[in-house]
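Here's the structure we're looking at; comments come further down.
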2 protein chains.
Amino acid sequence: MSASPTMSEQWLSTLQNSGYRLTGPRRVIVEIMAACERALGPLELFDLGRKEQPGLGLVTVYRTLEKMEELGLVQRVHQPNGCHMYLPAARGHQHLIICQQCGKAEYFEGEDMEAFFNQVAGEHGFTLREHWLQLFGLCANCK
Amino acid sequence: MSASPTMSEQWLSTLQNSGYRLTGPRRVIVEIMAACERALGPLELFDLGRKEQPGLGLVTVYRTLEKMEELGLVQRVHQPNGCHMYLPAARGHQHLIICQQCGKAEYFEGEDMEAFFNQVAGEHGFTLREHWLQLFGLCANCK
DNA sequence: TGTATAATTGAAAAAGATTTTCATTATCAA
DNA sequence: TTGATAATGAAAATCTTTTTCAATTATACA
Ligand SMILES: [Mn+2]
Ligand SMILES: [Mn+2]
Ligand SMILES: [Zn+2]
Ligand SMILES: [Zn+2]
């Protein structure tokens, strides 16, 4: 009777099945991100990771984020200042609402908008290839 | 019989009326941006500007963009890589559709969406303070 | 018209975020 | 157990943007 695999175990399997090796630093980073409810920047993740893995390098954080993004495990959050933060990826295509105070992030769907976006693009003679929608505000706790 | 003021003359007046001085470098940057139909990055703007004003410094480009943004003359375009580009600002709140090939940008309205965004925020317990919507694709020329 | 003052300029240095290089170490298939 | 090779972290390099600073210039006003 084995318990259902945790999120971080799933992510580690995904990495391994994709040909990546499982290492201490990688495990720590994956475990933190898989359990994360708010957007984290590379430096924040680095600081959290070092508590578990003192020798951890910031480069490894960047490299692991890159792989997790490539595998669709995490997704980038665009910040107004240009820096990026990361969140566990939503399944399917979803959009984000992010608390400007504490970083808490939640996903929402917007199927109805996709049609609207395509229509707008068509009216301007554009072929739509990508879109970005993020809402910013204050979460229930922070307001 | 004076002709109606050009866009760049208007922008220069706005700068002057806001207490900023009119200088050669500033004029050149304003003239390029006011006539621009595609999103420009600071370095591109710098290269264009140097043709008119050989001694121009990149710092002055950044500083002038900052002032034009503050006065609502230009608006930032967020790029996926984190860097910023700039466009003449739309009047009122509009959204952008940008060509990934040539940078051509057009505005579109989305009043109907604002209500939807507020509803989404409310459902998640958030108070909405800002939103970002940008569409990316290929313009008629580029596809 | 000069002149004083404060704004503006560009070079250079600094700051930050991210990426690259490289020698060493660790994983894992055989 | 071992060997090929992936992964690591330190350090250096990149790239964009900001700050500092001494010299120059626009502009209000005498
Ligand atoms: Mn969407
Ligand atoms: Mn941005
Ligand atoms: Zn919050
Ligand atoms: Zn185009």
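Within every chain, numbering begins at 1; the chains are lettered A, B, ... in the order of the sequence lines, protein sequences first and strands thereafter. All of these numbers come straight from a predicted model, not from anything done at the bench.
In this structure, A/Arg76 atom CZ and C/dA17 atom P are separated by 15 Å, rounded to whole Å. Across the protein-nucleic acid pair, A/His84 atom NE2 and C/dT18 atom C1' stand 11 Å apart, rounded to whole Å. The separation between B/Phe46 atom CZ and D/dT17 atom P is 14 Å, rounded to whole Å. Rounding to whole angstrom units, CG of residue A/Leu12 and P of C/dT27 are separated by 14 Å. Look at CD on A/Glu66: it is 15 Å from P on D/dA6, rounded to the nearest Å. Remark: C1' of C/dA17 and OH of A/Tyr86 are 11 Å apart, rounded to the nearest angstrom. Rounded to an integer number of Å, the gap from NZ of A/Lys67 to C1' of D/dA7 is 8 Å. Atom CG in B/Asn17 sits roughly 14 Å away from atom C1' in D/dT27 (whole-Å rounding).
Candidate nucleotides D/dA11, C/dA11, C/dA17 were compared by shortest atom distance to the side chain of B/Val59, and C/dA11 ranks first. Side-chain atoms of B/Arg63 lie closest to C/dG10 of the nucleotides D/dT8, C/dG10, D/dT16. The listed nucleotides are D/dG9, D/dT17, C/dT18; the one nearest the side chain of B/Pro42 is D/dT17. Which of D/dT17, D/dT27, C/dA17 sits closest to the side chain of A/Cys83 comes down to C/dA17.
Aromatic ring centroids of B/His78 and A/His78 lie 6.0 Å or more apart.
Heavy atoms of A/Arg26 sit under 4.0 angstrom from primed sugar atoms or phosphate atoms, though from no base atom. As judged by a 4.0 angstrom heavy-atom cut-off over every strand, A/Gly24 is placed among residues making no nucleic acid contact. Across all strands shown, B/Gly41 has no heavy atoms under 4.0 Å from either base or sugar-phosphate atoms.
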Working for side chain to side chain contact (heavy atoms under 4.5 Å, CB included), residues B/Leu43 and B/Val61: CA-CA 8 Å; B/Leu43 202 63; B/Val61 173; over 6 Å; no
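Side-chain atoms of B/His131 and B/His95 include a donor-acceptor pair closer than 3.5 Å. Counted by atom type alone, B/Gln100 and A/Arg129 present one or more donor-acceptor pairs between their side chains at under 3.5 Å.
Both A/Leu56 and B/Arg27 lie near DNA chain D, and the one whose nearest nucleotide falls closer to the 5' end is A/Leu56. Annotation: of the two residues near DNA chain D, A/Leu58 and B/Tyr62, the 5′-most nearest-nucleotide partner is A/Leu58.
In terms of phosphate contacts, A/Gln16 brings a side-chain nitrogen or oxygen within less than 4.0 Å of OP1 or OP2 of C/dC28. For the OP1/OP2 pair of C/dT9 and a distance below 4.0 Å, the side-chain nitrogens and oxygens of B/Thr23 include at least one atom meeting the criterion.
Proximity of A/Gln75 to A/Tyr86: side-chain heavy atoms (C-beta onward) are nowhere separated by under 4.5 Å.
Side-chain N/O atoms of A/Arg21 and base N/O atoms of D/dT5 include a donor-acceptor pair closer than 3.5 Å.
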